[in-house]
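Have a look at the structure below, then the notes.
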Amino acid sequence: MDTGVIRIRLKLQPSQGSIPQQVGDLLHLRSIKLNKNKLSGSIPSSLFNNMSTLQEIQLIYNNLSGSLPWDMCHGVSMLEMLDLSGNALSGPIPPSLLQCKELKSLKMIGNRFYGHLPIEIGRLSMLEELDLGNNNLIGAIPSSLFNISSLRLLNLRNNNFGGQLPEEMCQNAHSLQQFNLTNNQVGGIIPRSISNCTSLESLLLGINSFTGNIPYEIGENLKNLVMLHLQQNNLNGSIPSNIFNISGLQSVSLSYNQLSGTLPIYPYHSLSNLQFLYLTTNNLSGEIPSSLFNASMLVSLTLINNSFTGVIPDSIGNLRNIQLLGLLGNRLSSDPVSQEISFLTSLTNCRKLKSILLSNNPLNGTLPSSIGNLSNSLQLFGAWSCNLKGQIPSQIGNLKKLFNLDLHNNQFIGQIPSAVGSLPLLQLLDLSSNKLNGSIPSQICQLQNLNELFLNENKIFGLVPECIGGLTTLRKLYLDTNNLNSTIPSSLWSLSDILEVNLSSNDFMGSLPIEISGMNAVIKLDISNNQLSGNIPSGIGGLQKLINLSLANNMLQGSIPDSVGNMLSLEFLDLSHNLLSGIIPKSLEKLVYLQFINLSSNRLEGEIPSGGRFQNFTAQSFMNNGALCGRPELEVPPCPSAVEHSRATKKIALKLVLPLTLSGSLLFACAILMACRRKYNKGSSNVFFLPLFQFPSRISYYELSEATMKFDESNLIGRGGFGSVFKGKLSNGMVIAVKVFNLDVQEASRSFDKECEAMRNLRHRNLVKVITSCSNDLDFKALVMEFMPNGSMEKWLYSYNYFLPFYQRLEIMIDVASALDYLHNGNSKPVVHCDLKPSNVLLDEDMVAHVCDFGIARLLEEGQSQTLTNTLATIGYIAPEHGSEGIVSIKGDVYSYGIMLMEVFTRKKPTDEMFVDGLSLRSWIQESYPRDIIHVVDPNLLEGEEHLISAKHVALSSIMVLALDCSENSPIERISTEEVLVRLNKIKTSFLQTVEEGLV
């Protein structure tokens, strides 16, 4: 070995294997750079013992593991840079680091270091950069760090630091430019002394537990600030006005706090560089200062879910670069004089605008025709619950890029403009709960990408266009509570992928056709409160995924088909108030999920079944039939014995033939009267609507409070975007997980409804099971789920005291693929999860994986859009088309699965610090394929006997190729979940065969 070597560089020609101990014999070595290689094993202690000339060590983005030498820095007194980022190093950080007294840069991002940060690190008086992000460090942040006068960068994000910031901080840290503490558990107040760090450019304290006010001194002294992020804390009080006097400020995020008061009035030039302002979910009030609209560089402005009042001024059009305008959930109004929403006209100046969220504001005006001049880039227009009036302008058809148009719960009148048929990308059209009249325009059939159509609760009349059967992407159709008449178009029954159909409370006539079975994916079908007649076709039993069926309040005749017993998913069945006769089929006892049945007010006879779920039904389900018999508690006479029944039948037959013949015409007249009466009463408080969600049993708030010790922090399992999850134990001994929704968070209530809907409709061994729910509809909503004792896959991947061996990781990813395949292909229509990642995969006592968290899931078809609010998927796992265009699809889930597959076997998060300057988790793996693919995987997996390692090599190579095929940039090029499952099982089979052969 050449002991005269000054530098070692192995970067352009990747090296592999371990670092030899003999490197320590290179006594004149000054620099070691072994970046982005395939080095594994531990760092030899000889590197730090005798190399007195060494000034720089860079071992970035390798697969090094093990702990750092406890006596490191013993013989490297001249060391100035130590960068170990992007490895799998673990253990505590040794206090002996203080012996590297010349150290200027210490970076150990993205490892597994744990324990406390040694207070001795503050003695490194020459330190300029300290980057320990993405580790598992705990405890308080040593105050000595802020005594280092040369420190410019301090990054501690994504750890588990707690305690409080030092009260007297920044007394000497006048050079500090970047302080990142994002995503820790630090609490207490933000000390005023932080303003002594007068060189700060980035102050990132978001996602912690800070309380109290935002220090006034931040705006007073930190004049170099570019980024100020304090989101997701518990801050209160008002926003200091002087913050917005900082002329270089580009990004401010104060969302999800408890801030109150008004927004300050800004000097004209003070916001000239501001690009991002996030104030979502606070208690801010008063008028939006007009000076805010001078911030011409603003790209995103979200004031969602506050209490802002006043008129939205026309000067909002000065925001020429705005892309996301979020004003939802305030008390804003429009100009009362013009009677038009005039500020929309001014927004036509904003040619980059993609999303407008105005909903839940009392705008009280009409939409101007100038709406058609809005940005050609506009994709989302949400203005529900705004008390909008007048007609929907036909110019809305000019917005060719629009994929989500939601105007429900307003006061619109007139006809649905036929121009909506000119929106080729539209996926959601919601005009429900207005006063629209006229007929449904046939141009609506031109919306070939439409997934959801809501026209319910209007005054629409006439026929449903026959062409509606051509909307093959349609998944939800709600036309209920209108004045539609004639027959239901026969083409509707051919929509084989539609999930929900509600035609109730109209004037539809005719009979149900045999072709109804063509709607074989439907889970909800409501045609109640119409004038349907004829028999219920036996083909209805082919709707085996149907959960909710209501044909109540019609004039249906004949018997209940025996085939209804084949609808094994049925939970809600209402056939009441018809003219049905014959017996109740005993086949209905097979409906094990049936929670509600109503067969009252018909002409049914014979014995009421007693098996299955019929044991739980009450007399109200069978009343007003006349000839039913059964158990006394059902308030019907007991059934006669077989012999008596035979004799009685003959007598009854003789007695009834003549009267029935004579009364036929009378009954017909009665039926007509009943129909007229129903017609007259339609829309009254007696109309019965299907419940959105029903569980086998409800649970009270008191029971949940007792089970979780009053939701004590000691039972807290984790926190998410919409609430917290607690472990609990019911009085019967059952251990449960309780997801409590934070209803102060925008969209949390809708997330609760969506999770309820998804979990009720989905049943699979690899999905987390919802047991029941608790909701008082006002201030508390919770889901009770089965408890997963082994926590999340994320915990097993990144906690230092947990480890998943290779085969177990493979089994888990097969479980996840099975769940995904079921969501995409095992239901009436594809379910898009939208947020697949390791933290949403939970492990039971047998380490079987269960996918959870359907808070932003979409019961939609491929290509369906996702509302661009705060319910977006997690960065790093989002498919390109989702992030850039807001489009979610089953192919987007496949992309997320591919990224997660890479993460599970490399133990590298897609957001790891190493992935900068165009390098991503996917490109890192792609660059290593095929020769060096094995060196990107978690080195801990490459242990064991030689034949076992060889088998892992082959399997891991195949897994990475599969992951790359899942995560192609183009959705068209990604493989399907069926193929994912097939290939994974082949990899598993091949691996086991290879292992068995090696053992022989």
Side-chain heavy-atom pair M785, V738 within 4.5 angstrom cut-off: no
Nearest-0.5 Å distance that lies between atom CD1 in I717 and atom NZ in K727: 7.5 Å
Gap between atom CG of L204 and atom CG of L154 - 0.5 Å precision: 11.0 Å
Nearest-0.5 Å distance that lies between atom CD in E927 and atom CG in L919: 6.0 Å
Minimum-distance pair of heavy atoms, taken over all atoms of L767 and E786: O-OE2, 3.9 Å
From CZ (F806) to CD (E811), nearest 0.5 Å: 10.5 Å
Student check: side-chain heavy atoms of L254 and L235 closer than 4.5 Å: no
Check: Y897 ring centroid to Y877 ring centroid under 6.0 Å: no
Exercise: identify the closest heavy-atom pair between A879 and G892: CB-CA, 3.8 Å
Inter- and intrachain pairs under salt bridge (charged side-chain N to carboxylate O under 4.0 Å, His left out), touching residues 836-846, at least two apart: D835-K837
Side chain to side chain contact (heavy atoms under 4.5 Å, CB included) partner of D131, the single match among L106, I109, L156: I109
Test item: Y256 and T280 side chains (from C-beta on) under 4.5 Å apart, heavy atoms: yes
Test item: D893 side-chain N/O and I890 main-chain N/O as donor-acceptor pair under 3.5 Å: no
pair V831-H833: side-chain heavy atoms closer than 4.5 Å: no
Minimum heavy-atom distance between L941 and K952, given as atom pair plus value: O-NZ, 2.7 Å
Trace of the side-chain contact (heavy atoms from CB on, under 4.5 Å) decision for V936 with S928: CA-CA 7 Å; V936 301; S928 303; 3.1 Å; yes
side-chain contact (heavy atoms from CB on, under 4.5 Å) between Q185 and F161, intermediate numbers included: CA-CA 6 Å; Q185 301 172 31; F161 286 111; over 6 Å; no
Minimum side-chain heavy-atom gap I93-L117 below 4.5 Å: yes
Audit row: N160, L137, side-chain contact (heavy atoms from CB on, under 4.5 Å) steps and yes/no: CA-CA 6 Å; N160 295 305; L137 299 169; over 6 Å; no
W796 side chain to N790 backbone, donor-acceptor under 3.5 Å: yes
Least distance between heavy atoms, Y895 atom then E968 atom: CD1-O, 3.9 Å
Audit row: L89, I43, side-chain contact (heavy atoms from CB on, under 4.5 Å) steps and yes/no: CA-CA 9 Å; L89 298 167; I43 300 175; 4.0 Å; yes
Step-by-step side chain to side chain donor-acceptor pair (under 3.5 Å) determination, Q58 to N35: CA-CA 6 Å; Q58 290 188 32; N35 300 336; 2.8 Å; yes
Check: V725 and L716 side chains under 4.5 Å, non-hydrogen atoms: no
Note, L843 side chain near I812 side chain (heavy atom, < 4.5 Å): yes
SB check E979 R983 (cutoff 4.0 Å): yes
H229 side chain to L203 backbone, donor-acceptor under 3.5 Å: no
Side chain to side chain donor-acceptor pair (under 3.5 Å), paired with N158, selected from N183, N184, N180: N183
Atom pair CG/CD1 of N233 and I207 - distance to nearest 0.5 Å: 9.0 Å
Intermediate values then yes/no, side chain to side chain donor-acceptor pair (under 3.5 Å), E794 and S792: CA-CA 5 Å; E794 183 177 52; S792 73; 4.8 Å; no
Rounded distance (nearest 0.5 Å) linking atom CG of L181 with atom CG of N159: 9.0 Å
Minimum heavy-atom distance S818-L981, with the two atoms named: OG-CD1, 3.5 Å
Pairs involving residues 202-211, ordered by first then second residue, that meet side-chain hydrogen bond (donor to acceptor under 3.5 Å, both in side chains) (sequence neighbours left out): none
Y798 and its side chain to side chain donor-acceptor pair (under 3.5 Å) partner, picked from E903, R907, K909, R112: E903
Qualifying residue for side chain to side chain contact (heavy atoms under 4.5 Å, CB included) with I899, from I878, V904, L836, L921: L921
Main-chain N/O of A849 paired with N766 side-chain donor or acceptor, under 3.5 Å: yes
Donor-acceptor pair, side chain of N62 and main chain of I60, under 3.5 angstrom: yes
Min side-chain heavy-atom separation I736-K729 under 4.5 Å: no
Donor-acceptor contact present, side-chain N87 to main-chain L59, <3.5 Å: yes
Sidechain-backbone polar pair: D938 side chain, N940 backbone, donor-acceptor under 3.5 Å: yes
Plane angle bin for F991 and Y807 - parallel if under 30°, tilted between 30 and 60°, otherwise perpendicular: parallel
Pairing residues for Y61 by the ring pair (Phe, Tyr, Trp, His ring centres under 6.0 Å) criterion, not counting sequence neighbours: none
Over 12 foreign heavy atoms within 6.0 Å of CE, M847: yes
Side-chain donor/acceptor of T989 to backbone N/O of N985, under 3.5 Å: yes
Any donor-acceptor pair under 3.5 Å from S967 side chain to A963 backbone: yes
Donor + acceptor pair across side chains of N825, T977 (<3.5 Å): yes
Salt-bridge present (K107, E129; N to O < 4.0 Å): yes
Expected output: side-chain D912 to main-chain P910 donor-acceptor under 3.5 Å: no
Exercise: identify the closest heavy-atom pair between N111 and A88: OD1-N, 3.4 Å
